[in-house]
Structure formats: structure tokens, C-alpha cells
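The next block holds one structure in the form of C-alpha cells; read it before the comments.
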Amino acid sequence: MFAKVIVDVPAKQTNRAFDYSVPPSLQGWVEVGSRVGVPFGPRVLQGFVVELHETTTVDPKRLKAIRHVLDAAPPLTEELVQLGHWMSSTYLCHEVTALQAMLPGALKAKYERFVQASEAGSAGRTELLLLLPAQENILNYLRSKGKAKMEDLLDAFPEDGGLIRQMLDEGQLVETQGMKDRLATKKALTVFPPGAHEASEAATETHDAGTSGNAPGLGGSADLLAIAEELPARSHKQKEVLRYLHENPRPIRLTELMDKLQVGAGTVKGLADKGWIGLREVEVMRDPYANRHFEETKPLPLTPEQQSVYDDIAATLDSRSHQVYLLQGVTGSGKTEVYLQAISRCLEQGREAIVLVPEISLTPQMVERFKGRFGDEVAVMHSRLSLGERYDEWRKIMRRQVRVVIGARSAVFVPFRQLGLIIIDEEHESSYKQEESPKYHARDIAAWRARYNGAAVVLGSATPSLESIQKTKAAPGGKPEYKLLKMKSRVAGRPLPPVHIVDMREELRSGNRSMFSRLLHRGLEERLLKGEQTVLLLNRRGYATFVMCRTCGYVAGCPHCDISLTYHQVSRTLRCHYCGYAERQMELCPDCGSEHIRHFGTGTQRVEEELVKLFPGIRVIRMDVDTTTEKGSHEKWLTMFRNKQADVLLGTQMVAKGLDFPDVTLVGVIAADTVLNLPDFRSAERTFQLLTQVAGRAGRHQLPGEVFVQTYTPEHYSVITASRHDYEGFVEEELPHRRKLGYPPYCRLILITLTHEQVPLLVRTAEAVAQRLRELGAAEQENVFASGTGEDFFMNVLGPVASPIPRIKDRYRFQCVVKYRGEASASRIVAKVLDEFAERTTKDKLTISVDVDPQMLM
DNA sequence: AGCACGCCGACT
DNA sequence: GTCGGCGTGCTC
């Protein structure tokens, strides 16, 4: 038996499957999707089995054998292996990177090398040789430590790297290498009464070539009661333990036993020492929601609108066919209840469901609703869980203990085998696009998996992305790719709150230089008097505080990146968001020596300061990256706000999404249009979406709400249509712009970014790349034309131009944008060009990165 | 990514 | 004349 294995080396030259033989001892353990340890060159690496064959084309003499299988069951399904292959060609990433992205971080291999003084070396002929003092030192160091990590040794003897290599060659030192998962499974001391068998926790067992698994056998069953009788009277605690274990002859966590019987650890350990009971470390599951109670929720009666949407989805589920729905429902139209009932239907069919929500709205409230409906059938996956917690949630899926997963972007990869439904809530959110390699979009992955499994996808949003809405329209000569479902009315029947646009230029003209307009100021005042709450949103993207000299105009910039530094109040430092560079806030302008140097822009910190100044005694909760990094802090602030321990919730985007507080009657947007000025063809769309969403936050319950949107461009259609809650109106305005400029949804984009330390070489290469892309694009165009398939192919290359941030970490950046249409894949052409340039890029230490369907042209 | 093999400058 | 710089190429 032979296996094709993708090895854990994300590099161009190793981005293919390598052949290995499967040794007899591992027959049956190696499957497609197995994670294995394989010898690769001089070391043993992790790899993924992507194919199994009876024969191989590789010369048997060159074949090596798989060393270990790292898991009891393959962590990847056949489906995911195929998906990985598709991802690597679609997103132009290395195949391992794609496969790795599907697994919890805990399963990413950690490689360690150890060095040890060799036994033979110290006893044998080396004693006859003259040892250099440095050699003596190294040997002594290793003898005192026994076995040292290679990196520690090199740290201890930074000068002697060559010598160490030599000693390894001569056999004075021996090297061993290890390959571990990122983390150990959590272990807990567990008490075993005699005869009680260990629960099978095989998920992380390693099966090595050459050794057969040994089952832990447990010995005879001494009568605990009899032992208890013979104990001296003063050992009543020990007797108690024995009696308990006699009555409950199953393994129990030591901590639980101690808790139950109010005995100390020593008592139990004493019994274990005498051999009457077993006490061992056993793997346990972490459950982040262990101590939480979830109120069971019953399905709610559906409104006619909800019912018809549900019926449509249910019909697709029943027929087990593949269909993508775009569910456009205004905020408060009850999309979640539709999701829940569709999932129920899916589960009834014995199939599984994935629910994706933007990271930011994966709030306890959301989790509660799903846990409340489906109880233990739900696993939750998001980045706020620890590595271990996420791993355990994933293992629940592997063991078929859950059938519903709710999670952020990466949950789209969970290894379900009977996938019936994928729901993507707030489908327009940019967080569904991964910004690092593999730069996938969860929406694409969902569509792929749905096609593979004959499953349904529901994309839900009040403000669908233009790409999605476009796909609901009939393509020329075919039926629409997505089916559009609409929910126009709010369940509670409460109207959407009035939205007032405040022209900040007018404010300035009237002499109001504050960041709060008079209307918003009055609104805040009223809320404080009435004891109602306010949400203030600061659209901070591109609006960080920078430091400028008012005398000469000097702006503090990062010495390594072409971007202004951001002022951080807490540490009184200036920091670069791209490379982490930091320096102390300056007192005087370094250019002209003026004292009039201060920070500009409106950070949340400044808004908070201003609020406190204007409304003494006001209680403000500020939520931004600075206050929400700590685990659970998010939840803490929101709970505080819900309990009315604050008057104002002030924050960035994260306060706009999915929050629902009964006493919020005022929503203020400090500066609506900061995003409009970014080099982003989606800026109008983003502005519209954000404003619409935040407007939906006010007055969701009994109290009516109102919304103030402060802006410097009140005439912009994104602001106007958002204030009217008019999605169709926005789309009507925006689409012609996109068409005119040739942007999505009228074409697709590939962003190619090149970086190098020096501009001339960078520009030369970038131009050569663009040139080559144009050549191949033109050739393809001719091909398509000549073949007469009538396919709508088109490809246009823009650039190269300097990137919006022209330098990061001392590397200059240039970019080309490929606009294309049609199935004759432009990504294939890009891949070809990249391949042609591969040699030059490694030689010149130039990097080229590719982003298919970029969110922004940065 | 590592690591080895291989061809040109400053040293015993 | 050698030690060692890192350029080039390979890993089943």
C-alpha cells in the first residue's frame, strides 16, 4: 500500500504530494485524511495523506515509509482533502496551508530538536583526543542537563554553532527530534476503583510503526468494603472514600471526589499508595460553557413571512438538493428563528448543520439561543476560546457528539460527514474573508461544501453584499445562482427608528467645534435625565489618532512603514499598527521645536474624555481593541451595560453588531463618513451597511428610539439611503458606479502585491509581471474568441502602482490588480505567471502575494 | 522551510 | 594552499 502525502513545508517546491509506503504495522491506520509523521530529507515532518494506492510510479528504492499515524481517526474527511486541493488552486496557496486551516490550531505540529552527549563518545576514544575548552564546556553543559533543546544549546554557546555541528558529525553529540502537537490534552487526576475501566479516549493516541497498541488492562477487584472494615477506626475518612467507591464503582475525578466527600487529597492518595484504588492522569474535555445554564427555548410560531421562507428552505432540505439562498431580512425580522427551525428540520433528517456568525457578534446571547434550542448537540467555536477549548469543541465533532456548530469563519471547515445546512448570518461582513493565507472566503467554502454534500446554504443579511444580490438576478441564459428570499416586516411590529442626518460642516459654521453636534448633545442630555441609555459609535477605521505639529505640519510617522503613528493614551506612546514600532510621545516637535504638537483625530479615548468633560459624572463603557483584549472582557462590558451600570456604550464597529439592549433609545454615530475616504471601492457599501446596522440598535423594545448620524458628506447616497433604511435605493445608486468603474459584482478581482527592500528592482519586476499577465490574458481572450464558445471572458490588468501603504516593515510595496470575468480562469493565468517568476523571486528576495477577491485593494 | 553540495575571498 | 561565505537544488 502506498500513500500520497502533503508535507508540512509551505514552499513552492514542496507544494505537491510525495509518495510513501505504508508499513504493514500501519495498514488499516493510514487513511485518506490521516495526519502522519513522515521522514522528509533529514527530518521527520507532519503530513496529510491525500491519496491511497495499491501501486506507485516512484522507484521503490527511493520510497520511504510512513513512521507514525498521529491520530486514532483521520482528522480530515475525504471531502476536506478535496476541498484543500480546490482551495490551493483557487486561492493560490500551498496545499498544506489550506489543510492546516481546517484543523484546530492545537494540531499544528511543533518541531523540536534535542541534543545529548553520546554515551559512546564519553566512554570511548574521545578521551584520547584533546578536547578544546569549548568542547569541554558543551559536554559539561549537556551532561548536567541530560538532554537539551538544540535552541537552548545554541543560546548558551552562540559562538559555537559550527563546533556543535562538527561534534554531531563526529558522534560526540547525538541529536533526536520530536514532533508534538501544540498542546497537551488536559489531564485530570482520576480515581479508579478496582475493576473500573478507563473510558476510551483514543482521539490523540499515536500509532507508531513497529509497535502494536497495548490496551490498559486492569487487575482484580479487591473488595473495598472488606478493606474498609479492616482499617483502624481513626481512618474514618478513608473508610468513607472506600465505601463511596464501593457503591459507585466507576472512575471519578479526584477533585470531584474530594468535593463530594469533603476529604483531602492526601486521604485518597494514601489509599492509592496502598494499591487499593487506582489514581491516574486521564484526559478530560474542557467545556467553556460547563457551568452555564441554558434556558430551554421552544420553537416560536412563525409569522406568515417567516413561514414561507422556512417552507422553501425545508423543501430543499427534504429533497437533499443543493441550493444557495440569500435571505434578505430587515433587522428584527426574526431571521434567527428561521435559522433555528431550519436546523431542527435538518437534524430530523439525521444531517448536520453549521452556523457562521461574524466573530464580533458571537456573543453569549447568540450562543445562548442555540444552546437553549439544541442543548448538548451544539459546539461553539470562536477565537476567544483557548487553544485547548477550541480543540475540545472540535473533538466533540470528531466523535459525533454534536451535530450543530456555531462559530466564526473557520467553523465552515468542521469535519461533519452528513452536512445538510450551512447558515451564514450577516453574510456581507468582511470578517468572513480571511486576511492571511489561505485567503479564503467562508461564503465560497460554504457553497463548495454544499455542492459536495447536496446541502442548503442560507446567507442572511439586512444589507446583502452586492456580489450576493447580483447572484440572485438571472444570469444571461440561465437561472440565478442564488435564490432570493425576503422578510420585510419586523416581528414585534415596532417601526424602524427615525434617523437624523446631522451636517457637521453646518455645526462648524455655527461655531460648534466640539465632536458632538448640538442635536446629539441635547439627545445625550435627555437620556441622562430620563435614565435611558445611549450607544455611541465611532467608525475608527482609518481614523486613528495621529500626532501633528500645528506650527510646521510635521506628522509623526513610522520609520519602517509609510504610515502615521497612532497615539496611545495609556502608555503615552506612539505606535505603528503595522509593525508594532513604538516610541514615547514627544513634547516638542522634532522638526521645528514647537510646543504645539498634539494628537489629532477622534479615537474612542478622546470621545470618552470629551464626554466626561461635557457631562460630569457620566458613566461610560468604552469598548475598543484596548479594552477588550482580555478574555471575557467583551462579555463583562456588555453585561455591565445591560445591567445599566453605565449610561453610554462607546465603541468601534463592535458595538454596532447584533447587540440588543432594551433601554437603549439613542444611537449616535460620531463620524459616519470616515470610511468613505479610504482607497476602497466598497467604501460606500461599508458605510451603508454600518449605518443601517447601527440604526437598527435603537428602540428595539418598548421604548421608541432615535438615531443621529453626524457626517461631513450628508448628501452622499450611502448616508441618505441608510437613513431611510432603503437597501434597494442604495443598490440602485451603487451598481451603476460599480459598472462604470468595472468593479465587483461586474467583474472579479485579484490583487497581486510585490514587496522588496529596494524600489528600482521592485518596480522593474512588478512591470514585468504586469506585462506577462497582459500577454497571457490577451492570448486567453483570443483562445476563447476562436473557440467560439461564446464565453464571456475578459481580463484587464491595472498597474503596477505603489500600494496604498507604500512601505511596511522597511519593505516597499507595489501592486497590480487583475479584473476579470468568465470561467476561463484568471487565477490559472496568475498562477502560471507566478510560477514563471518563482526563480527570480527567491533569487532577489522579492515576495509576491496574491489575494483572490480581496476585500480592499490594500 | 532546512540542509547539503558547490564554487570564489581572507587567513594558518 | 584551506576555511567558509551563501547561491542552487532537493526532499518520496
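Hydrogens, waters and symmetry mates play no part in the numbers below; they use all other heavy atoms, side chains included. Letters go in sequence order (proteins before strands), and every chain restarts at 1.
No side-chain donor-acceptor contact under 3.5 Å links A:Tyr812 to the backbone of A:Pro760. In this structure a side-chain-to-backbone donor-acceptor pair under 3.5 Å is missing from A:His94 to A:Val96. Under the 3.5 Å distance criterion, the side-chain polar atoms of A:Arg774 are matched with a main-chain donor or acceptor of A:Val797.
A salt bridge links A:Lys396 to A:Glu393: one of the charged nitrogens lies within less than 4.0 Å of a carboxylate oxygen. Between A:Asp392 and A:Arg395 there is a salt bridge, with a side-chain nitrogen of the basic residue lying less than 4.0 Å from a carboxylate oxygen of the acidic one. Ion pairing between A:Glu775 and A:Arg772 holds under the 4.0 Å rule for side-chain N and carboxylate O.
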Solution key, residues 849-858 of chain A side-chain donor-acceptor pairs under 3.5 Å, sequence neighbours excluded:
residue	atom	partner	partner atom	Å
A:Asp851	OD1	A:Lys433	NZ	2.4
A:Asp853	OD1	A:Arg748	NE	3.3
A:Asp853	OD2	A:Arg748	NH2	2.8

Expected list for residues 444-452 of chain A: side-chain donor-acceptor pairs under 3.5 angstrom, two or more places apart:
residue	atom	partner	partner atom	Å
A:Asp444	OD2	A:Tyr91	OH	2.9
A:Arg449	NE	A:Glu79	OE2	2.8
A:Arg449	NH1	A:Val412	O	2.8
A:Arg449	NH1	A:Val414	O	2.9
A:Arg449	NH2	A:Glu79	OE1	3.1
A:Arg449	NH2	A:Val414	O	3.1

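Heavy-atom neighbours of A:Lys845 NZ from other residues, nucleotides or ligands within 6.0 Å: at or below the threshold of 12.
In 5' to 3' order, the nucleotides of DNA chain C bounding all contacts with chain A (an atom under 4.0 Å from a heavy atom) are C:dT8 to C:dC12. Chain A approaches DNA chain B within less than 4.0 angstrom (heavy atoms of the protein), and the contacting nucleotides run 5' to 3' from B:dA1 to B:dC3.
Nucleic acid contact for A:Tyr20: sugar-phosphate only, since backbone atoms but no base atoms lie under 4.0 Å from a heavy atom of the residue. Using a 4.0 Å heavy-atom distance criterion, A:Lys4 is classed as making no nucleic acid contact. Nucleic acid contact class of A:Arg16 (heavy atoms, under 4.0 Å, all strands): base.
Remark: A:Lys145 engages no residue in a salt bridge (Lys or Arg N to Asp or Glu O under 4.0 Å) (not counting sequence neighbours).
Listed in residue order, the members of residues 754-761 of chain A having a heavy atom less than 4.0 Å from DNA chain C come to none.
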